[in-house]
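To keep things clear, I will list the structure first and then write my remarks on it.
Counting from 1, the numbers follow the sequence of the chain as shown.
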Amino acid sequence: MLEAQGYQDPIAIDTSWLGVGHIDEFFHFVPRRGGKGWAMVVADPRMGMNLLAKVARGGGGGQRLVEGVAPSNTQFPGLTVAQALAKPELVNGTRIAAAGVDRALRQFREKAGITERDVIRVPALFTKLDLPDGYPRKDLTVTYLPDAANGVSTGTGGYLAPAQHGPRQDGHDVFQRATEQALRGAGVRVHWIEDWDYSHYVGTAAATSTASRTCSAI
């Protein structure tokens, strides 16, 4: 149908590395002052891990990775920042997701003329899914913390994003602060919405069965 419209060829973006597979898990568009009049918000897995490393270097490696949420409602209860930096699921999730985002951005550059000046990177933290034996797809990820790139633009300068519940430095959630700083440059204000029960992934004994249903995650 899209091809038949004849305006331009559609761009097919590979999302096979995502458990759910929605492009809005790592891309979003917001109005922007100047330039093209809009910008692409991109989830950056490397940025997320770099923030954790910064917190650890600042003496915060012993604090919990997820703040303000009961440990029983997280995939790895009580996981600290220092432990997260070496956690195989998060390390491999970052590797897989970063490669997937890089490929998608390369397609946008080649086929739509997107440049790095059109991109606003926000931190994200991806975890590799533990899949059942025989599952037909491999190396799948979901975001471990709520995904700031998977927000809602109001079109009037406001951006609704799920509260991050990330580690803190100098009294601030480092993921929220980095997201606010990134979007502020485009004239966009971030409004944090409490959405933990919807916008994160909890690994449980039932995780492998949910994976066979394309994963219960956003």
Note to self: How close do Arg103 and Asp14 get, counting heavy atoms only, and between which atoms?
What the structure shows: NH2-OD2, 3.6 Å
Check: Roughly how far, to the nearest 0.5 Å, is the NE2 atom of His165 from the CG atom of Asp173?
Finding: 8.5 Å
Next item on the list: Treating Ile, Leu, Val, Met, Phe, Trp and Tyr as nodes and any side-chain heavy-atom pair under 4.5 angstrom as an edge, say whether Val122 and Val101 lie in one connected cluster.
Entry: no
Item checked: Residue pairs involving residues 90-131 (criterion ring-ring contact (aromatic ring centres under 6.0 Å, His included); sequence neighbours excluded) -> Trp17-Phe126, Phe27-Phe108
Margin query: Before you tell me yes or no, could you show the steps for Glu89 and Tyr144 under side chain to side chain contact (heavy atoms under 4.5 Å, CB included), namely the whole-Å CA-CA distance, both residues' side-chain angles and the distance that decides it to 0.1 Å?
Written below: CA-CA 10 Å; Glu89 291 89 341; Tyr144 186 74; over 6 Å; no
Margin query: For residues Ile23 and Phe29: do they belong to one hydrophobic cluster (side chain heavy atoms under 4.5 Å, members Ile, Leu, Val, Met, Phe, Trp, Tyr)?
Written below: yes
Check: Of all heavy-atom pairs between Thr179 and Pro123, which one has the smallest distance, and what is that distance?
Finding: OG1-CD, 3.5 Å
Check: When Gln75 is tested against each of Val66, Thr127, Leu90 for side-chain contact (heavy atoms from CB on, under 4.5 Å), which residue passes?
Finding: Thr127
Next item on the list: Measure across Pro45 and Ala98 and return the closest heavy-atom pair with its distance rounded to 0.1 Å.
Entry: CG-N, 3.6 Å
Notebook entry, point to check: Is it the case that more than 12 heavy atoms not belonging to Glu3 sit under 6.0 Å from its CD atom?
Noted result: no
Item checked: Side chain Tyr7, main chain Leu2, donor-acceptor under 3.5 Å -> no
Notebook entry, point to check: With Lys128, which of Asn92, Thr94, Asp139 fulfils side chain to side chain donor-acceptor pair (under 3.5 Å)?
Noted result: Asp139
Next item on the list: Indicate the atoms forming the closest heavy-atom contact of Ile13 with Ala104, along with that distance.
Entry: CG2-CB, 3.6 Å
Item checked: Gap separating the CG atom of Asp44 from the CZ atom of Phe26, nearest 0.5 angstrom -> 12.5 Å
Check: Measuring from Ile114:CD1 to Ile11:CD1, what's the distance to the nearest 0.5 Å?
Finding: 8.0 Å
Next item on the list: Could you walk me through whether Trp196 and Thr74 pass side chain to side chain contact (heavy atoms under 4.5 Å, CB included), step by step?
Entry: CA-CA 10 Å; Trp196 179 262; Thr74 66; 4.0 Å; yes
Margin query: Check whether Thr80 reaches the backbone of Gly62 with its side chain - one donor and one acceptor, N or O, closer than 3.5 Å.
Written below: no
Notebook entry, point to check: Do Val174 and Gln164 have side chains that get closer than 4.5 Å, going by heavy atoms?
Noted result: no
Note to self: Hydrophobic clusters here meaning ILVMFWY residues chained together by side-chain heavy-atom distances under 4.5 Å, can you tell me if Val69 and Val81 are in one?
What the structure shows: yes
Note to self: Looking at every heavy atom in both Ala43 and Glu25, which two are closest together, and how far apart are they?
What the structure shows: CB-O, 4.2 Å
Next item on the list: Give a yes or no on whether the backbone of Gly166 and the side-chain of Arg168 come within a donor-acceptor separation of less than 3.5 Å.
Entry: yes
Item checked: Sequence neighbours excluded - ring-ring contact (aromatic ring centres under 6.0 Å, His included) pairs with any residue from residues 50-69 -> none
Notebook entry, point to check: Is it true that Val190 and Met47 fall in one hydrophobic cluster, defined by side-chain heavy atoms closer than 4.5 Å?
Noted result: no
Note to self: Testing the basics here: between Pro162 and Pro146, what is the closest heavy-atom pair and its distance to 0.1 Å?
What the structure shows: CB-CB, 3.8 Å
Notebook entry, point to check: Is Gln63 reaching over with its side chain to a backbone N or O of Gly61, donor-acceptor style, under 3.5 angstrom?
Noted result: no
Margin query: Would Met40 and Leu105 count as a side chain to side chain contact (heavy atoms under 4.5 Å, CB included) here? Give the steps.
Written below: CA-CA 10 Å; Met40 176 187 291; Leu105 280 175; 3.9 Å; yes
Check: Are any of the side-chain heavy atoms of Ser153 and Tyr159 separated by less than 4.5 Å?
Finding: yes
Notebook entry, point to check: Got a second to check how far Arg117's CZ is from Lys36's NZ, nearest 0.5 Å?
Noted result: 8.5 Å
Note to self: Is there a side-chain contact between Leu65 and Phe76 in this structure, where contact means two heavy atoms from C-beta onward sitting under 4.5 Å apart?
What the structure shows: no
Margin query: Rounded at 0.5 Å granularity, tell me how far CG in Leu125 sits from CZ in Phe175.
Written below: 5.0 Å
Next item on the list: Find the distance between CZ (Arg121) and CZ (Arg46) and round it off to the nearest 0.5 Å.
Entry: 8.0 Å
Next item on the list: Taking Gln107 for its side chain and Ala12 for its backbone only, find out whether a donor-acceptor pair lies under 3.5 Å.
Entry: yes
Margin query: Set out, in order, the CA-CA distance, both residues' side-chain angles and the distance that settles side chain to side chain contact (heavy atoms under 4.5 Å, CB included) for Arg177 and Asp170, then state yes or no.
Written below: CA-CA 11 Å; Arg177 183 167 55 182; Asp170 300 326; 4.3 Å; yes
Note to self: According to a hydrophobic-cluster definition based on side-chain heavy atoms being under 4.5 Å apart (Ile, Leu, Val, Met, Phe, Trp, Tyr only), do Leu183 and Trp38 belong together?
What the structure shows: no
